[in-house]
Each structure stands twice: as C-alpha cells, then as structure tokens.
Amino acid sequence: MFVHFTVNTFTGKEWGDGTESPRIFDPHKLDARQWARTAKRCGFGSMILTAKHHDGFCLWPTRTTGHCIRNSPWRDGKGDVVREFADACRAEGLGVGFYLSPWDRNTPSYGQGEAYNDFYITQLEELLGNYGELVEVWFDGANGEGPNGKRQIYDWPRIHGTVRRMQPNAVIFGDAGPGVRWIGNEKGEAGTTCWSMVDPKRVPYAGFDASWVPEALMQGDPQGSEWRPGEADVSIRPGWFWHASEDDKVRTAANLMELYFKSVGRNSKLLLNVPPTSEGLLHENDVRALEEFFEMRRHLFASNLLEGAQVRASGGSTPAAVLDSSGDRYWQAPAGERSGWIEFESPAPITFDVLRLEEAIEHGQHIANHRVDAWQDGGWQTVCWGTTIGNARLARFAPCTASRIRVSVEFAYDTPRLRRVAQYRTRQES
Ligand code: FUL
C-alpha cells in the first residue's frame, strides 16, 4: 500500500509549490495503526509512506530544514509521522518503505548541484538510519520545473550506494530500477507482455524522457541483461492525495480486481495508493472498498479446482508439482526444449472462468507464448492464449466446462518450467 500524505492533504493540491506553511499540517486524529490494521486485514504485505513529496515538507523532525513537522501544530511540533508509521507497520507485521522525492520545491539549494545532493543524502540517511529495517525505498522520477525552471542533476550512484550501504535488503524502486522498475504508467497496468528483464540502455536513468519509455517499461525485454521486475503504482482515487471532493470517486472492489489482473496477473507488483484524510485516518469509503476487494480475492482464489486431477506432460519431470502449492517444486520440460505441454484430467467436468499460471522464476523467466485448450465435443478448443507468464499470469474468460485441459508452452527462450497451474470460478451473483 502506498500512502500519500503531506501539506497537499490540507490544501487540496496534488503538487504543492513549497510555499505552504507548516502550520497548516494538523491531522488531529492521526492514527497510523488504523492505516496498518486496514492494510493487514485487507491482505497487503507492506506500506510505503511519502516521507517528503515535491513540496519539500518533511513528515519527520529532520535536521536539514525547518520545513517539517517540527513547525506544525500537530502534537505541538513534537510528533514524528514517519516514526508512528514505521511502528504501526511493524506492530502488524508489515514491511516498511519510504518515498523521498528528489524534486524539492522548497529548499533554496535545489538546483545548486552538490549542495542539494548533500542535503538530499542527509535526509536519506536520516530515514535509512533511524527507523529500523526497510523493505523498499522509492525514488520518483517526476520533475515539473519545465525548460525555464531550476536544473538539478541528481547523484544517482551516490543515492543508490547510500541505500545499499545502510539498508542492504531494501529494494530500490526507480523508473530505471535498479531493484524494481516503474511499470511506465500510473494506471496500474503492466504490458500484456511483461518480462522481468530490461535492457538498461533503453531507460538509463529516472526521469529519462523518450517516446519509447512507457512501452519499454511496460513490456521489459526477453533478452535484457538486468532483472528488474515491474511495480505498478496507482491510486484508489483520481488523485494521489486525499481531497474531500473525491470521497465519492473511490474505485470499487470490481475495479480494484481489474487492476489486480492487469498488474499482479501480468507479472508485476501492485502498489495501491490509499491516502489518509486531513484528520489523519483512511476514509471509510476507501476502507470499505479495500475490504470488499479483499473478500473478492479471498473467495475467488480459495481453492484450486484442478486439485485431484491426473497430470501428465509432454515430457520432463514432476508434472504433478504444479498442483502442489505447499513448496517450490515445479514441472520442468526436458532440458533444452523450447516448448511442451501439461495436461489435467479431472474426475468430473469443472466450470471455470479464471486461470492462474506461474513460472519457476528462480530459474529466470523464459516462456514467451502459452495457450490453454479444453477438450470439448471430441476436440481441443482454445480457451485463452497469451504471451509471458513470469511470477503470475491471470486470465479471465467466459465460463468453460471441461474435465480435460491442456496448457501448452508454444515457445520459451530456455527450458520451460511451471511452478503452478490453477483454475478458479468467479462468484455467481444471486
Ligand atoms: C508521481 C508524482 O508526481 C505524483 O504526485 C505521485 O507521487 C506519483 C506516485 O508519482 O511522479
């Protein structure tokens, strides 16, 4: 879960200009445990907080600037949102992550080269050093200065080096990685073809602007040299920050499910933004949508309808492992093969409309095309066709009833390996 929170929450803006008074920041009912409990209850694994957005206002009592929480009326200037956030996440067993905007519209050093880079590194060190172990650090490539604005070259090697040194286990997010890559849009949609690998020359650094960037990030590259899976960031509301005027524009559970299929179901990670209100709480409309979305997922993925089926394959070892969700065993086609199939025969016909496929990605991502056929009226009928699989591929189609299905790998760049095949049925509304 992404958590966007700053002075914008009080001004109604999406991008603050840095002139906002810290006095306007007063989320008098702030309860980070309510955020974390909601996230936990609804199946999220970690949370990422905007410790500083483009307006430069810091949600922790930084030594680097007075443009921070210390000069706000909240908790008489003695509070620390970052601390309360990290503590609340840990209390719920959630991973902790921070967003620290490189673009800073408040500090005078922005645009002065090294002076700003030093300032930024000090802020980063405060966040990396004082709040325990982090799972992810998020670097935004956005910059709205325009051609006549300030120009600041960020010292990316130094920034990434600081994270690696102080938080070696944290994943680094950026347009160009180096840990996970931006998925290339803010709609929460990975490409229908989505490789975890990228060619770093196509998107060399964060904020790099070229016509091919969105497609390159959405799709990745089967022959790319770097393993940088996609992360799809998107908001539950039209804006990233809470605005009262958008309380009735929260995405529905069905819409969130669509996003899930287009992100998680296309070999990406979903980073869903849920912004706290000016009181400092997640709004009830957002919470309700998240609960319904969780319930929908829980119901849909409750049990694999293929369990109990006989499994055979074109060749290779342990095909039945794809029905065993308890471990990391998988079916592997004979070494060096570039295609293959795996077939399931159930004792009775099954009606299904969702399919989940997973590759054993600890060995890399290789499958380029796949097809699913069902045995009907004495012949194979194609149910769905797609390209990449990766960590997960979710497909949805008109309900199909069959007792025999076959998943074919049409082409793979290296030996195909499937970790899991599962079949589900969407709940029927009565
Ligand atoms: C963008 C920013 O400009 C938005 O305000 C938001 O933080 C989004 C996640 O990234 O680049």
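Quick caveat, the model's predicted, so the values are computed rather than measured. Order of appearance sets the numbers: ligands from 1, and atoms from 1 within every ligand. Computed from heavy atoms alone, side chains included, the values below leave out hydrogens, waters and symmetry copies.
For a threshold of 3.5 Å applied to N or O pairs, the pair formed by Trp138 and ligand 1 contains no separation below that value. Considering backbone and side-chain atoms together, His54 places an N or O closer than 3.5 Å to an N or O of ligand 1. At least one N/O-N/O distance between Trp15 and ligand 1 falls below 3.5 Å. Considering backbone and side-chain atoms alike, Glu14 places every N or O at 3.5 Å or more from each N or O of ligand 1.
In this structure, Phe139 has its ring center at least 6.0 angstrom away from the ring center of Phe173. Aromatic rings of Phe397 and Phe352 (six-membered ring for Trp) have centroids within the 6.0 Å cut-off, being under it. Between Phe5 and Trp242, the gap from one ring centroid to the other reaches at least 6.0 Å.
Each of Phe44, Trp138, Trp35, Phe98 was scored for a ring pair (Phe, Tyr, Trp, His ring centres under 6.0 Å) with Phe2, with one residue passing: Trp138. None of Met257, Arg425, Glu295, Arg427 except one satisfies the side chain to side chain contact (heavy atoms under 4.5 Å, CB included) rule with Leu300; the exception is Met257.
The OH atom of Tyr110 sits 13.0 Å away from atom CG of Asn106, with the distance rounded to the nearest 0.5 Å.
A donor-acceptor contact shorter than 3.5 Å is absent between the side chain of Arg406 and the backbone of Trp341. Side chain of Asn8 to backbone of Gly16: a donor-acceptor contact under 3.5 angstrom is found.
Look at Phe2 and you'll find a heavy atom under 4.0 Å from some atom of ligand 1. Under the 4.0 angstrom criterion for non-hydrogen atoms, Phe241 is not in contact with ligand 1.
Protein heavy atom at the shortest distance from atom 7 (O) of ligand 1 is His4 NE2, 2.7 Å. Counting protein heavy atoms only, atom 11 (O) of ligand 1 is closest to Asp140 OD1, 2.8 Å. When only non-hydrogen protein atoms are considered, atom 8 (C) of ligand 1 lies nearest to Glu186 OE2, 3.4 Å.
Across all their heavy atoms, Ala190 and Arg266 have their closest contact at O-NH1, 2.8 Å.
For Thr50, no heavy-atom contact with ligand 1 is shorter than 4.0 Å.
Ligand-side atoms of ligand 1 in range of Ala142: 3 (O), 11 (O), range being under 4.0 angstrom from any heavy atom. Counting atoms of ligand 1 from 1 in the listed order, those under 4.0 Å from a heavy atom of Asp233 are 9 (C). Residue Tyr99 approaches ligand 1 through these ligand atoms, each under 4.0 Å from one of its heavy atoms: 7 (O).
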